[in-house]
Amino acid sequence: MTDKNDSKQVRLYGAGGHSQVIQSVLKQNGVEICEVFDDNPCLSHPLSKNITVTNRKNSLDFPHEGAPFIIAIGDNKQRNNIAEFLKTKFTKAIHRTAIMDPNSRIGDGTVIYAGAVIQANTIVGKHVIINTLASVDHDNIIHDFVHISPNAALCGLVEVGEGTHIGAGAVIIPKVKIGKWCTIGAGSVILKDVPDYAVVVGNPGRVIKMNRQLIV
Ligand SMILES: CC(=O)SCCNC(=O)CCNC(=O)[C@H](O)C(C)(C)COP(=O)(O)OP(=O)(O)OC[C@H]1O[C@@H](n2cnc3c(N)ncnc32)[C@H](O)[C@@H]1OP(=O)(O)O
C-alpha cells in the first residue's frame, strides 16, 4: 500500500464520532494529533478532549499555518464549507488494513477506514470518506466530498459525483454514473444512472425526492 500518511503531526477540524475513528486510524499509524478544532463543542463526542473552539467568521483570526489538516466531519456539505475556509495543507488517514491497488489515486484530505478495498485504476478525490469495509472496484471515479458508507459495494467503472453520500450496504452495478450531491439510501441497489441531487432508495433504486437544500 502507498501513501498512508505523509505527516507525523496532523490537526483535525471536527470532534464528533467521525473524528474518533480518524483519531484511531492516525494513532495506529503513529501520527500525533496535535490539535482538534470544533465550531460547536456541545455536539462533540463525550471522549473528545482539549478541543480548540473556533468559528469561521474571520479567516484572518484562524491559525491556517501549521501541521496539515483532516476535516473530521461526516456531513459532506459541511466538509466542503470547511475546506473552502481553511487556507492550509491537507493530509490523508488510511487504515493499515485498507487495500489499495498501486494504480489507484487518493486525493488530499481523504480518509480510508479498516478493511476498505480500492481496486485498480480508481481515482478518489479530495476530502472523501471511504468507510469501514467499503469496496470500490476498478476504474471508478469518486469525486471530492463523497462519502461511501460501511459495506457499500461499487462495481467496476462506476462514477460518483461531488458531495454524494452512498448509504451503508448499497450496491452500485457496473458502469452506473451517480450525479453530484445525491443520497443513496442504505441497502439500495442502483441499476441505472442517478441525476444530480436525487435521493434514491430501494431495490431497484427509485428517486423519492431531491436534496433541494443542496442546490445552489
Ligand atoms: C459509520 C456510519 O454511521 S456511516 C453513515 C451511514 N448512513 C447511512 O447509510 C444512512 C443512509 N440514509 C438512509 O438510508 C435514509 O433512510 C435516507 C437518507 C435515504 C432517507 O432518509 P429521510 O430523508 O429521512 O427519508 P424517510 O425516512 O422519511 O423515508 C422516506 C421513504 O423512503 C423509505 N426509505 C428510507 N430509507 C430507505 C432505504 N434505505 N431503503 C428503502 N426505503 C427507504 C422510507 O421507508 C419512506 O417510505 P414511505 O414514504 O413509503 O414511508
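Each ligand, and each atom within it, is numbered from 1 in the order the structure gives.
Listed by number with element, the atoms of ligand 1 under 4.0 Å from a non-hydrogen atom of T183 are 18 (C). Counting atoms of ligand 1 from 1 in the listed order, those under 4.0 Å from a heavy atom of K209 are 22 (P), 23 (O), 25 (O).
In terms of protein heavy-atom proximity, atom 10 (C) of ligand 1 is closest to H165 CE1, 4.2 Å. Atom 15 (C) of ligand 1 has its closest protein heavy atom at G185 CA, 4.9 Å. Nearest to atom 37 (C) of ligand 1 among the protein's heavy atoms is V201 CG1, 3.6 Å. If you check which protein heavy atom lies closest to atom 20 (C) of ligand 1, you get V199 CG1, 4.7 Å.
Within a 4.0 Å radius of atom 41 (C) of ligand 1, the protein contributes at least one heavy atom. Under the 4.0 angstrom criterion, atom 26 (P) of ligand 1 counts as lacking any protein heavy-atom contact. For atom 17 (C) of ligand 1, no protein heavy-atom neighbour is found at a distance under 4.0 Å. For atom 44 (C) of ligand 1, no protein heavy-atom neighbour is found at a distance under 4.0 Å. For atom 7 (N) of ligand 1, the nearest protein heavy atom is under 4.0 Å away. Taking a distance limit of 4.0 Å, we find that atom 3 (O) of ligand 1 is approached by no protein heavy atom. Counting only heavy atoms, the protein never gets under 4.0 Å from atom 47 (O) of ligand 1. Under the 4.0 angstrom criterion, atom 22 (P) of ligand 1 counts as having a protein heavy-atom contact.
For K89 and D108, the salt-bridge test fails: no basic side-chain N is under 4.0 Å from an acidic carboxylate O.
Checking only distances, G167 never comes within under 3.5 Å of ligand 1, N or O to N or O. Ligand 1 has a nitrogen or oxygen under 3.5 angstrom from a nitrogen or oxygen of A168.
The CZ atom of F37 lies 8.5 Å from the CG atom of L86; values are rounded to the nearest 0.5 Å. Here I22 contributes atom CD1 and I33 contributes atom CD1; the two are 9.5 Å apart, rounded to the nearest 0.5 Å.
Of the candidates A186, G187, A134, G205, A186 brings a heavy atom nearest to atom 38 (C) of ligand 1.
Residue contacts with ligand 1: P150 is included, with a non-hydrogen atom under 4.0 Å away. The shortest heavy-atom distance from H18 to ligand 1 is not under 4.0 Å.
Crowding of R56 atom CZ: a count of heavy atoms from other residues, nucleotides or ligands under 6.0 Å exceeding 12.
Contacts of I208 with ligand 1, taken as heavy-atom pairs under 4.0 Å, involve the side chain alone. Contact annotation: for N131 versus ligand 1, heavy atoms closer than 4.0 Å belong to the side chain alone. With a 4.0 Å heavy-atom cut-off, ligand 1 is reached by the side chain of S149 but not by its N, CA, C or O.
Two rings, from F85 and H64, have their centers less than 6.0 Å apart.
Just one of K126, E159, E162 meets the side-chain hydrogen bond (donor to acceptor under 3.5 Å, both in side chains) condition when paired with H143; it is E159. Screening I142, T164, N131 for a side-chain contact (heavy atoms from CB on, under 4.5 Å) involving H147 leaves a single residue, N131.
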Task: side chain to side chain contact (heavy atoms under 4.5 Å, CB included) between L12 and L26, intermediate numbers included - done: CA-CA 11 Å; L12 298 181; L26 291 171; 4.1 Å; yes
TODO: Begin with the C-alpha distance, continue with both residues' side-chain angles, and end with the deciding distance and a verdict on side chain to side chain contact (heavy atoms under 4.5 Å, CB included) for V160 and I172.
DONE: CA-CA 10 Å; V160 182; I172 322 292; 6.0 Å; no
TODO: Let me see the working for I178 and I166 under side chain to side chain contact (heavy atoms under 4.5 Å, CB included), right down to the final yes or no.
DONE: CA-CA 10 Å; I178 297 175; I166 308 287; 3.8 Å; yes
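A donor and an acceptor atom, one from each side chain of Q28 and S24, are located under 3.5 Å apart. Side-chain contact check for T183 and N211: at least one donor-acceptor pair (N or O, by modelled atom type) lies under 3.5 Å. The closest side-chain donor-acceptor pair between N80 and H127, if any, does not fall under 3.5 angstrom.
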